[in-house]
Amino acid sequence: MPRPSSRISGIVPSGKDGWEVHSAAWARKAAGEDIIMLSVGDHDFDTPSQTIEACVTAVRGSNHHYTPLPGLPRLRQAMAAASSACTGVETTPDQVIATPGGQAALYAAVQAVLDQGDHAIVVAPYYATYPNTFSAAGASFTVVETPAEDGFQPRADMIRAALKPNTRAILINTPNNPTGAVYSRERLEQLAQICREHDLWLLSDEVYWTLGGGEHVSPRSLPGMAERTLVINSMSKSHGMTGWRMGWLTGPQDMITLLVSLNLVTTYGLPAFISIACAEALENHYGVKDIAERYAARRTIFLDAVRGMNDVTVRGSEGGMYVMLDISEVEPDDEKFAWALLDKENVGVMPGSSFGEAAAGHIRISLCQPEPVLQDAAARLRRFASTYRREAA
Ligand SMILES: Cc1ncc(COP(=O)(O)O)c(C=O)c1O
């Protein structure tokens, strides 16, 4: 075939080989083995039935046609109301644009603020797609780690040290995937200060905002930040709708108006019946409370079981769908730990180093399993951690 563009060839899988542990666990489970998968970030339950019914009604009701580029008016209205709640800033429909999932909102945000050759700061540990989303825009980025011993909270001094003359944006994610850290108001205020001082955009991925422990603070609500913050939202996690592909971006009206042109050349609008079901789900908060309570209960059960373990320390793990365990006292090489845990106890987890240096010596546990399975997994982990030390001694 003729030569592909360097842009498309440059989008390569990121992270270390942690996904190999996941793939091996998956293959063994598919072959019928009793494997507990704690490596995937997708719900173990279906979309709430009211949302499904809303979609069925909509698709039977002739909603089979093109929709407006920024989203159906009813959907934008519902997204604006959700953004008002999420960010604490009164939001109008012309300040939001619907996208096919949070990932597309992230892509739109990066395309919107960075030119070829511009630079961004990505606060790590981060969601796996972040680096390539910048590469796809021809932008460079510097990864700034959040120290594990600081609960994976962002540090202003470290971010300042990474600024360059061509830095245009900082990307953060709270509640965080993979660490479960919920960034504190104080740390977000320090980040906001940097953005104001250096006239930067803040790209704030808040797709887990309903699954946080305690108050969700959006940096968009901080002084002078609404005009320079783009918030990434999604229905995937909050409303149990990963496969429906619906998300949105919130920002200054002028930027959202520009972004409508991006939808012109990419999505050309979203499916009508899905948009209507999503609007109804947002208006009525279908499943939101139930899903949040489910993850909160799972987190409590799992962390309670883990806190009693010698040599395993919980870091971050305040919100989102994951917990992060420091296992470095047991085995400093997290990949080795994850492989051995899979081999000996049939539990698949992600090695922390897949998500960057700060998470090395950790494992990421997904809470996307029912409570009894998580309890079983915790028991297997306990047995493994104690045996492993005896063998090493
Ligand atoms: C932090 C974060 N941002 C964005 C996404 C993308 O979500 P989606 O495209 O399903 O809305 C995910 C998915 O796991 C995520 O963890």
Side-chain angles (χ1 to χ4, degrees), residues 13-15 18-19 22 37-44 47 51 71 75 79 82-83 86 96-111 120 122-134 136 143 146 152 154 170-183 202-212 216 218-219 230-250 266-267 270-271 274-275 277-278 281-282 287-288 291 295 316-324 350 352 354-356 359 364-368:
S14 64
W19 292 104
H22 166 76
M37 297 290 293
L38 301 181
S39 45
V40 271
D42 195 354
H43 307 293
D44 54 308
T47 298
T51 309
L75 179 64
M79 287 173 165
S83 283
C86 169
V96 303
I97 184 165
T99 58
Q103 176 56 39
L106 186 66
Y107 179 81
V110 169
Q111 291 290 329
V122 182
V123 176
Y126 49 69
Y127 175 52
T129 66
Y130 284 5
N132 277 314
T133 307
F134 288 98
V143 172
T146 52
F152 295 112
I170 301 175
L171 170 59
I172 61 167
N173 167 221
T174 178
N176 186 268
N177 175 9
T179 64
V182 174
Y183 294 175
L202 185 59
L203 311 183
S204 182
D205 181 340
E206 303 181 27
V207 303
Y208 292 102
W209 80 280
T210 58
L211 304 181
H216 173 74
S218 170
L230 295 178
V231 179
I232 291 106
N233 269 121
S234 169
M235 306 209 53
S236 290
K237 318 294 176 175
S238 54
H239 291 72
M241 299 178 72
T242 49
W244 295 61
R245 312 311 301 134
M246 184 64 79
W248 70 100
L249 194 65
T250 307
T266 54
T267 62
L270 295 170
I274 291 186
S275 299
C278 287
L282 283 166
V288 175
I291 292 170
Y295 280 103
S317 308
E318 295 128 10
M321 287 177 10
Y322 307 98
V323 303
M324 204 62 151
M350 287 296 288
S354 321
F355 306 101
R364 187 194 75 170
I365 306 271
S366 150
L367 298 173
C368 301

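What's counted below: heavy atoms across the whole structure, side chains too, no hydrogens, waters or symmetry copies. Counting starts at 1 for both ligands and their atoms, in listed order.
Taking the side chain as every heavy atom from C-beta outward, Ile97 and Met79 never approach each other to under 4.5 Å. Using a 4.5 Å heavy-atom cutoff, the side chains of Trp248 and Ser83 are in contact. Side-chain atoms of Thr210 and Lys237, non-hydrogen and from C-beta on, never get closer than 4.5 Å to each other.
Set against the non-hydrogen atoms of Gln103, the atoms of ligand 1 under 4.0 Å away are 6 (C), 8 (P), 9 (O). Atom numbering of ligand 1 starts at 1 in the shown order; those under 4.0 Å from a heavy atom of Asn173 are 1 (C). Near Lys237, meaning under 4.0 Å from any of its heavy atoms, are these atoms of ligand 1: 13 (C), 14 (O). Of all atoms in ligand 1, listed by their number and element, those nearer than 4.0 Å to a heavy atom of Ser234 are 8 (P), 11 (O).
Considering backbone and side-chain atoms alike, Gly102 places an N or O below 3.5 Å from some N or O of ligand 1. Ligand 1 has an N or O atom lying under 3.5 Å from an N or O atom of Asn177, backbone or side chain. At least one N/O-N/O distance between Arg245 and ligand 1 falls below 3.5 Å.
Using modelled atom types and a 3.5 Å distance limit, the side chains of Gln103 and Thr129 yield a donor-acceptor pair. At a cut-off of 3.5 Å, with distance as the only test, a side-chain donor of Thr47 or Trp244 sits close to an acceptor on the other residue. Under 3.5 Å, the side chains of Asn176 and Thr179 contain a donor-acceptor pair of N or O atoms.
Looking at Leu230, Leu171, Asn173, Val207 one by one, the single match for side chain to side chain contact (heavy atoms under 4.5 Å, CB included) with Leu106 turns out to be Leu171.
Using a 4.0 angstrom heavy-atom cutoff, Val207 counts as in contact with ligand 1. Taking 4.0 Å as the cut-off, Met246 does not count as a neighbour of ligand 1 on heavy-atom distance. Note on ligand 1: Tyr208 sits in its first shell, one or more heavy atoms being nearer than 4.0 Å.
Using cut-offs of 30° and 60° for the angle between ring planes, the His43 and Tyr295 rings count as tilted.
The protein atom (non-hydrogen) at minimum distance from atom 10 (O) of ligand 1 is Ser236 OG, 2.7 Å. Here the protein heavy atom with the shortest distance to atom 5 (C) of ligand 1 is Tyr127 CE2, 3.4 Å.
Remark: among candidates Val40, Asn233, Asp205, the nearest residue to atom 2 (C) of ligand 1 is Asp205, based on non-hydrogen atoms.
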Subject >> Derivation of the side-chain contact (heavy atoms from CB on, under 4.5 Å) call for Leu203 and Ile172 >> reply: CA-CA 6 Å; Leu203 311 183; Ile172 61 167; over 6 Å; no
